[in-house]
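Below is one structure, written out as structure tokens; the observations come after it.
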Amino acid sequence: MNITIEKIAYGQLLAKSQPKPILNEEDYAVALAEVEALMSQEKLSLEAETLLDLWALLIAEYEGKYYPIPQATPQDVLLHLIEVRELKQADLVGVIGSKGVVSEVVNGKRAISKAQAKALGKFFNVNSSVFI
């Protein structure tokens with residue numbers, strides 16, 4: 001089944017909302033307000049969903065350019081998982097090595113090996129690639 005948007009209804013939404021590339025913080029605030037207004041509706045028409053998708057693309061492009069998310073290092077990921085799970089370094093002894101090895105890895109003095117990444121992935125139940 002192929003569902004198509006109603007051109008007149010979508011055109012009316014476009015005319016009212018007037019989406020355009022986001023070039024500055026003022027445009028960004030307008031875009032966020034448009035998304036908020038759409039999302040506050042109880043049920044969206046297919047045309048409104050399409051408009052919401054368009055605003056989301058414009059916002060994602062702007063945020064990617066001006067608010068990039070920094071890439072986490074393997075150590076950052078490890079420290080985060082230790083913190084959120086309320087663990088201590090001692091909890092990793094035996095998982096990735098001795099007390100000294102764990103200390104060196106946690107403090108960034110030693111890189112995480114592939115074998116340690118695999119063990120950490122299994123221990124934390126995450127993809128081991130986040131530690132490489």
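Glu6 places no side-chain N or O within 3.5 Å of a backbone atom of Glu47 that could act as its donor or acceptor partner. In this structure, the side chain of Ser103 does not engage the main chain of Lys99 through any donor-acceptor pair within 3.5 Å. At distances below 3.5 Å, not a single donor-acceptor pair connects side-chain atoms of Asn107 with backbone N or O atoms of Lys109.
Under the 4.5 Å side-chain heavy-atom criterion for ILVMFWY residues, no single connected hydrophobic cluster contains both Ile8 and Leu46. Linking ILVMFWY side-chain heavy atoms closer than 4.5 Å, directly or via other members, places Leu13 and Ile59 in a single hydrophobic cluster. No continuous path of hydrophobic side-chain contacts links Val126 to Ile69 [ILVMFWY only; heavy atoms under 4.5 Å]. Residues Ile132 and Leu79 fall into different hydrophobic clusters, defined by Ile, Leu, Val, Met, Phe, Trp and Tyr side chains chained together at heavy-atom separations under 4.5 Å. Hydrophobic clustering (side-chain heavy atoms under 4.5 Å, transitive across Ile, Leu, Val, Met, Phe, Trp, Tyr) keeps Leu57 apart from Ile5.
Taking Tyr62 as the reference, Tyr28, Tyr66 meet the ring-ring contact (aromatic ring centres under 6.0 Å, His included) condition, with sequence neighbours excluded. The ring-ring contact (aromatic ring centres under 6.0 Å, His included) search around Tyr10 returns none, not counting sequence neighbours.
For the residue pair Trp55 and Ser17, the shortest heavy atom distance occurs at NE1-OG, 2.7 Å. Taking every heavy atom of both residues into account, Leu120 and Leu92 meet most closely at CD2-CD2, 4.2 Å. Contact record, Ser128 with Ala117: CB-O, 3.2 Å, taken as the closest heavy-atom pair.
Within the model, atoms CD of Glu34 and CG of Leu58 stand 11.0 Å from one another, a figure rounded to the nearest 0.5 Å. In this structure, the separation between CE on Met39 and CG on Leu32 is 11.0 Å, given to the nearest 0.5 Å. The CD atom of Glu49 sits 7.0 Å away from atom NZ of Lys43, with the distance rounded to the nearest 0.5 Å.
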Practice task
Apply side-chain contact (heavy atoms from CB on, under 4.5 Å) to the pair Lys88 and Asp91, showing each step before the final yes or no.
Solution key: CA-CA 5 Å; Lys88 296 182 174 115; Asp91 297 320; 3.9 Å; yes

Practice task
Could you give me the CA-CA distance, side-chain angles and deciding distance for Ile96 and Ile112, then say whether side-chain contact (heavy atoms from CB on, under 4.5 Å) is met?
Solution key: CA-CA 9 Å; Ile96 59 172; Ile112 299 171; over 6 Å; no

Practice task
Output, in order, the C-alpha distance, side-chain angles, deciding distance and verdict of side-chain contact (heavy atoms from CB on, under 4.5 Å) for Gln116 and Val101.
Solution key: CA-CA 10 Å; Gln116 289 168 329; Val101 170; 3.4 Å; yes

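Between Val95 and Val102, the closest side-chain pair of non-hydrogen atoms is not below 4.5 Å. Taking 4.5 Å as the limit, some side-chain heavy atom of Leu81 sits within range of a side-chain heavy atom of Phe131. Contact of the Asp27 side chain with the Val30 side chain is not registered, since no non-hydrogen atoms from C-beta on lie closer than 4.5 Å.
Atom CG of Asn24 sits in a crowded spot, with more than 12 heavy atoms from other residues, nucleotides or ligands closer than 6.0 Å. Within a 6.0 Å sphere centred on CD of Glu25, heavy atoms belonging to other residues, nucleotides or ligands number more than 12. More than 12 non-hydrogen atoms from other residues, nucleotides or ligands lie less than 6.0 angstrom from CD of Gln41.
Among residue pairs with one or both ends in residues 57-83, none qualify as salt bridge (Lys or Arg N to Asp or Glu O under 4.0 Å); sequence neighbours excluded.
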